[in-house]
S.K.: 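Starting off with a structure, shown below.
No experiment lies behind these values; they were computed from the predicted model shown. To find a chain, count down the sequence lines: A is the first, B the second, and so on, and within it residues start at 1.
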Amino acid sequence: MSFLSFFTRGRSAPVARDRLQVLLAHERALGGGADLAAVLQKEILAVIARHIAIDHDKVVVKLDRGERVSTLEIDIEMPEATLARH
Amino acid sequence: MSRVMVVTSGKGGVGKTTSSASLGAALAQAGQTVVVVDFDVGLRNLDLVMGAERRVVYDLVNVVQGDAKLPQALIRDKRIDTLSLLPASQTRDKDALTEEGVGRVIDDLREKFDWIVCDSPAGIDKGATLAMRFADLAVVVTNPEVSSVRDSDRIIGMLDSKTRRAERGEKLEKHLLLTRYDAARAARGDMMKVEDVLEILAIPLLGIIAESPDVLTASNVGCPITLHNPASAAARAYTEAARRLLGETIAITAPMERRGLMSRLFGRKAVVA
Ligand SMILES: Nc1ncnc2c1ncn2[C@@H]1O[C@H](COP(=O)(O)OP(=O)(O)OP(=O)(O)O)[C@@H](O)[C@H]1O
Ligand SMILES: [Mg+2]
């Protein structure tokens with residue numbers, strides 16, 4: 001243990017508590033069911049797939065579960081060719 | 001050529017997940033592309049140790065069952081972009097995994113990464129056998145303590161019989177990673193000696209990781225210790241172990257007992273780091 005860490009030690013515990021609180025709040029809300037973000041993502045993609053052909057390998061999904069807000073980011077590549085047909 | 005490496009132990013709580021994250025990060029820091037795969041279906045923790053728990057959408061089970069594509073389930077580390085995580089499912093159980101499905105995912109991962117690090121669940125049942133099934137090499141995580149050594153021996157036997165390489169008569173490298181090594185207890189003669197463990201298990205030593213509060217701090221903040229506190233003894237030991245995996249020859253030194261400020265001032269022995 002370095003001289004500095006002697007005085008700053010213990011600071012990681014509150015970080016651990018905060019991370020767990022956010023995570024467990026989300027996990028308990030699920031109660032073993034499917035994650036809302038995953039459900040939303042699936043349904044959103046299904047709607048889009050009705051209009052254009054989606055290459056599922058090119059879909060990027062990013063999620064960030066926050067304390068008050070979560071963000072779901074769905075990145076879909078839409079080639080001009082598939083758009084032009086509309 | 002990509003390499004599939006299982007981190008296994010038999011016994012629970014010996015440091016598999018910590019070691020998977022730390023070795024994975026250290027390999028990535030050495031310039032390799034790395035994915036760490038959590039095989040502990042139902043009790044995932046690797047996401048938490050790597051600080052990615054808020055970003056999990058899809059998991060290994062979803063990919064095995066075809067509900068998600070591999071790129072959607074992979075989580076790229078925010079601190080080092082050659083490191084990715086494939087999380088385990090929290091809501092399913094191990095029966096959701098099939099050997100063919102896991103084999104397919106591993107083959108796909110081989111296309112994308114230099115290293116595929118498989119964090120095995122404890123035990124010797126399906127989860128553990130699937131985690132080791134496609135391995136090219138194994139890191140056997142052992143604590144210098146009787147029940148851990150015994151379980152490691154059991155796991156070594158399984159590596160020699162239940163893996164695909166073993167069945168095909170191919171070589172499967174096995175390395176011993178001694179973790180939670182307590183230098184103070186070793187000095188007192190209260191802990192099994194490194195030489196004794198090595199003699200019993202008879203596989204080459206990859207490294208010795210000391211019992212250290214720095215490891216706990218790193219997992220509290222969700223960052224592999226080689227990234228969070230690279231100067232710490234544990235991080236250096238993991239980094240050296242990773243370099244040995246990459247073929248370097250570096251002498252292994254047993255962690256020394258360190259005496260803290262207080263014990264130095266008062267001339268009393270205290271167990272520190
Ligand atoms: N070198 C170390 N020094 C101090 N604590 C450690 C060390 N290695 C691991 N630990 C702690 O031991 C506990 C178990 O570690 P870990 O989760 O990595 O074990 P595991 O083998 O993956 O467990 P399981 O069998 O449940 O999957 C954790 O609290 C971890 O922080
Ligand atoms: Mg674990």
Side-chain angles (χ1 to χ4, degrees), chain A residues 1-46 54-77, chain B residues 42 44-45 47-59 61-63 66-76 78 87 89-93 108 112 210 212-223 225 228-229 231-234 258-264 270-273:
Chain A
M1 193 186 310
S2 73
F3 187 67
L4 222 149
S5 66
F6 180 82
F7 292 102
T8 57
R9 82 181 146 166
R11 273 205 203 141
S12 70
V15 181
R17 185 202 52 213
D18 293 349
R19 291 174 62 218
L20 276 173
Q21 273 173 348
V22 172
L23 176 66
L24 295 183
H26 283 277
E27 281 189 355
R28 285 176 186 151
L30 299 181
D35 193 337
L36 177 62
V39 172
L40 279 178
Q41 195 237 265
K42 204 168 179 169
E43 294 189 4
I44 291 169
L45 285 183
I54 300 176
D55 179 352
H56 283 273
D57 285 326
K58 298 268 171 62
V59 177
V60 181
V61 182
K62 284 192 188 143
L63 178 69
D64 195 350
R65 297 185 185 86
E67 206 167 342
R68 286 198 210 91
V69 282
S70 297
T71 56
L72 173 65
E73 222 180 282
I74 305 176
D75 206 320
I76 307 167
E77 209 170 274
Chain B
R44 76 165 169 234
N45 271 324
D47 58 332
L48 206 48
V49 172
M50 306 225 347
E53 74 281 358
R54 293 158 64 139
R55 300 166 61 206
V56 177
V57 189
Y58 289 123
D59 55 60
V61 171
N62 294 138
V63 179
D67 295 332
K69 295 281 186 179
L70 187 56
Q72 288 152 28
L74 289 172
I75 301 173
R76 169 95 50 105
K78 285 195 169 157
S89 169
Q90 183 70 338
T91 51
R92 310 292 294 275
D93 61 51
D108 289 349
K112 296 175 188 276
S212 156
D214 299 332
V215 173
L216 187 64
T217 304
S219 80
N220 274 347
V221 300
C223 184
I225 191 163
H228 183 254
N229 188 356
S232 65
R258 284 171 57 192
R259 298 170 72 196
L261 184 64
M262 293 302 163
S263 68
R264 251 178 251 149
V271 181
V272 207

S.K.: Are there more than 12 heavy atoms of other residues, nucleotides or ligands under 6.0 Å from atom CZ of B:Arg76?
M.R.: no
S.K.: Under 4.5 Å from any heavy atom of chain B, what part of A:Leu20 do you find: side chain, backbone, both or neither?
M.R.: side chain
S.K.: Looking at every non-hydrogen atom in both residues, tell me the closest pair between B:Gln72 and A:Val59 and how far apart they are.
M.R.: CG-O, 3.3 Å
S.K.: Counting only non-hydrogen atoms closer than 4.5 Å, does B:Ser232 touch chain A with its backbone (N, CA, C, O), its side chain (CB onward), both, or neither?
M.R.: neither
S.K.: What are the two closest heavy atoms between B:Asn220 and A:Ser12, and how far apart are they?
M.R.: ND2-OG, 2.9 Å
S.K.: Starting at NZ of A:Lys58, measure out to NZ of B:Lys69 and round the result to the nearest 0.5 Å.
M.R.: 11.5 Å
S.K.: Supply the atom-to-atom distance A:His26 NE2 to B:Glu53 CD, rounded to the nearest 0.5 angstrom.
M.R.: 10.5 Å
S.K.: Are the side chains of B:Leu48 and A:Arg19 in touch, meaning some heavy atoms are under 4.5 Å apart?
M.R.: yes
S.K.: What distance do A:Leu63 atom CG and B:Arg55 atom CZ have between them, rounded to the nearest 0.5 Å?
M.R.: 9.5 Å
